[in-house]
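The structure appears below as structure tokens.
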Amino acid sequence: MRTRNAGLCFVALVAIAACATFGRGAFQQPVVTLSDVQINGVGLTGGALDVVLNVYNPNGYRLDATKLTYEVLVDSVRFGTGVADSKFTVQDNDSTKVRLPLDFTWAGVGQAGRDLLNMGVVNYRVRGELTVGTPAGELRVPYDRTGRYSTLSGTSK
């Protein structure tokens, strides 16, 4: 009897592991891109802005995000970092915008920050990690995107 119970437990564990492996293999990583930057205020020492990220879910099921870390670089200069712990949901095959606060100092961003405010066009890089709940369990998904952002048109390329 004990051998039979042990055998059933083993079969159940193998089945659960197989399902989890299959689910993770079918998972497609969300695509995180810079959508917009909105300046909230500028002073002598720095300023505050909102970085708006677009999170696209290519999966056939919704993703419940529990955490988003981010780092914004402008022309390879670290502009700012942060962590968003507020939960948000991205529906299947859809996207959602996530607004993130970012404070900066002129000393920290140097010429890159001045170029963004004065010329309105800069090269950017946004990277971090998105923690999402999936049918296969909680996953931590890294992201890293580069592009060119124009404050004049409010778009990134």
Side-chain angles (χ1 to χ4, degrees), residues 17 19-157:
C19 288
T21 301
F22 175 73
R24 287 180 191 267
F27 176 77
Q28 293 180 15
Q29 288 192 317
V31 178
V32 180
T33 55
L34 179 70
S35 176
D36 196 9
V37 176
Q38 298 173 344
I39 299 169
N40 294 329
V42 176
L44 293 174
T45 60
L49 48 88
D50 285 340
V51 174
V52 181
L53 299 180
N54 186 64
V55 181
Y56 173 71
N57 174 15
N59 297 288
Y61 48 86
R62 78 172 198 214
L63 296 178
D64 295 316
T66 58
K67 184 177 181 181
L68 177 70
T69 65
Y70 56 98
E71 177 181 32
V72 178
L73 296 98
V74 176
D75 286 333
S76 75
V77 175
R78 182 189 233 179
F79 206 82
T81 62
V83 177
D85 287 325
S86 58
K87 296 178 181 181
F88 63 93
T89 297
V90 186
Q91 296 300 325
D92 56 317
N93 298 306
D94 200 1
S95 61
T96 191
K97 305 265 190 236
V98 181
R99 183 177 304 274
L100 307 166
L102 188 68
D103 294 324
F104 65 91
T105 63
W106 293 120
V109 299
Q111 188 60 44
R114 287 187 279 283
D115 287 349
L116 173 64
L117 295 175
N118 293 333
M119 296 186 335
V121 179
V122 293
N123 294 319
Y124 75 87
R125 181 176 185 186
V126 60
R127 63 184 173 192
E129 188 174 82
L130 177 65
T131 304
V132 296
T134 71
E138 191 168 274
L139 295 176
R140 292 170 47 188
V141 182
Y143 65 90
D144 192 340
R145 290 279 190 237
T146 60
R148 193 157 173 80
Y149 181 79
S150 170
T151 58
L152 303 174
S153 66
T155 59
S156 62
K157 298 177 183 169

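Applying the side chain to side chain contact (heavy atoms under 4.5 Å, CB included) test between Pro101 and each of Asp50, Asn40, Leu49 identifies Asp50 as the sole match. A side chain to side chain contact (heavy atoms under 4.5 Å, CB included) with Tyr143 is found for one member of Val31, Thr33, Leu68 and no other, namely Leu68.
Contact detail for Leu100 and Ala84: the closest heavy-atom pair is CD2-CB, 3.5 Å. Closest approach of Asn93 to Gly60, counting heavy atoms only: ND2-CA, 4.1 Å.
In this structure the side chain of Thr89 never reaches within 4.5 angstrom of the side chain of Thr96, judged on heavy atoms. Two residues are said to be in side-chain contact when any heavy atoms from C-beta on lie closer than 4.5 Å; Val83 and Tyr70 fail this criterion. Between Thr105 and Thr45 the shortest side-chain heavy-atom distance does not fall below 4.5 Å. The closest side-chain heavy-atom distance from Tyr124 to Val126 is below 4.5 Å. With contacts defined as side-chain heavy-atom distances shorter than 4.5 Å, the pair Leu73/Arg127 qualifies. Annotation: side chain of Thr131 is in contact with side chain of Glu138 (closest heavy-atom distance under 4.5 Å). A 4.5 Å side-chain heavy-atom check between Pro30 and Leu63 finds at least one atom pair inside the cut-off. Residues Val51 and Leu34 meet the side-chain proximity criterion, which asks for heavy atoms closer than 4.5 Å.
Judged as a salt bridge (charged side-chain N to carboxylate O under 4.0 Å, His left out), and not counting sequence neighbours, the contacts of Glu129 are Arg140.
Taking CZ from Arg62 and CG from Asp64, the interatomic distance works out to 4.0 Å, rounded to the nearest 0.5 Å. Once rounded to the nearest 0.5 Å, the distance linking CG of Asn57 with CD of Gln29 reads 12.0 Å. To the nearest 0.5 angstrom, Arg145 atom CZ is 10.5 Å from Asn54 atom CG. Summarising the geometry, atom OG1 belonging to Thr66 is positioned 10.5 Å from atom CG belonging to Leu139; distances are rounded to the nearest 0.5 Å.
Annotation: salt bridge (charged side-chain N to carboxylate O under 4.0 Å, His left out) contacts involving residues 85-95, sequence neighbours excluded, are absent.
In this structure a side-chain-to-backbone donor-acceptor pair under 3.5 Å is present from Tyr149 to Val37.
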